[in-house]
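Atom set for the values below is all heavy atoms of this structure, side chains included, hydrogens, waters and symmetry mates excluded.
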Amino acid sequence: MEVLDQVSGKWSIGILVAAAHGPVRFTELERTVNGISRRMLTLTLRRLERDGLLVRKVYPTVPPKVEYTATSAARELFGPLTALTEWAERHRTTIAQARHVYDLENAEKGSTAG
């Protein structure tokens, strides 16, 4: 389950989907993965590289050009990750409504508990 926790994280999914179609640069990922900070992007890239899901290549230019490429294991995840993100998008409103109803019902229960 540790592996599933790593690849199913909010930031990991966006990075892996972005890298699935070929090499991607740090700045491209920064623009593509909405809301991620530079620090979190760096940490997540390192973790995905350590897990063998991304390969980091540094080109000897000034400034250095760095690209990240999905490994075959990561590319195999593309279909399931895309399906998961599409499902989440389709059901975003339904889940938000369910949470709202739940919170209202449980707030009332909490105030009458006793």
Legend entry - Partners passing salt bridge (Lys or Arg N to Asp or Glu O under 4.0 Å) against Arg92 (at least two apart in sequence or in another chain):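 For Arg92 the salt bridge (Lys or Arg N to Asp or Glu O under 4.0 Å) partners, ignoring immediate neighbours, are Glu89.
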Legend entry - Which residues share a salt bridge (Lys or Arg N to Asp or Glu O under 4.0 Å) with Lys10, sequence neighbours left out: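 Not a single residue meets the salt bridge (Lys or Arg N to Asp or Glu O under 4.0 Å) criterion with Lys10.
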Are [X] and [Y] joined in one hydrophobic group, where the rule is that I, L, V, M, F, W and Y side chains link up if heavy atoms are under 4.5 Å apart?
X: Leu84; Y: Leu48; value: yes
X: Met40; Y: Leu29; value: yes
X: Val58; Y: Val24; value: yes

All N/O donor-acceptor pairs, side-chain side in residues 71-83, below 3.5 Å, sequence neighbours left out:
residue: Thr71; atom: OG1; partner: Gly52; partner atom: O; Å: 2.8
residue: Thr71; atom: OG1; partner: Leu53; partner atom: O; Å: 3.4
residue: Thr71; atom: OG1; partner: Ala74; partner atom: N; Å: 3.4
residue: Arg75; atom: NH1; partner: Ala70; partner atom: O; Å: 2.6
residue: Thr82; atom: OG1; partner: Phe78; partner atom: O; Å: 2.8

Legend entry - Closest contact, heavy atoms only, Thr44 versus Ser12: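 Closest approach of Thr44 to Ser12: CG2-OG, 3.6 Å.
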Mind checking the [atom1]-[atom2] spacing from [X] to [Y]? Nearest 0.5 Å is all I need.
X: Glu30; Y: Arg38; atom1: CD; atom2: CZ; value: 4.0 Å
X: Thr94; Y: Arg99; atom1: OG1; atom2: CZ; value: 11.5 Å
X: Tyr68; Y: Glu28; atom1: OH; atom2: CD; value: 12.0 Å

Inset, instruction - Decide yes or no for Leu45 and Phe26: does some side-chain heavy atom of the first lie under 4.5 Å from some side-chain heavy atom of the second? - result: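 Contact flag for Leu45/Phe26 side chains = yes.
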Legend entry - Residue pair Leu54 / Leu16, side-chain heavy-atom distance below 4.5 Å: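 Answer yes - side chains close enough.
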Legend entry - Neighbour count above 12 (heavy atom, 6.0 Å) for Arg39 CZ: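 Check fails, neighbour count at 12 or below.
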Inset, instruction - Please test Glu105 against Val101 for side chain to side chain contact (heavy atoms under 4.5 Å, CB included), starting from the C-alpha separation and ending with a verdict. - result: CA-CA 6 Å; Glu105 290 173 354; Val101 169; 3.5 Å; yes
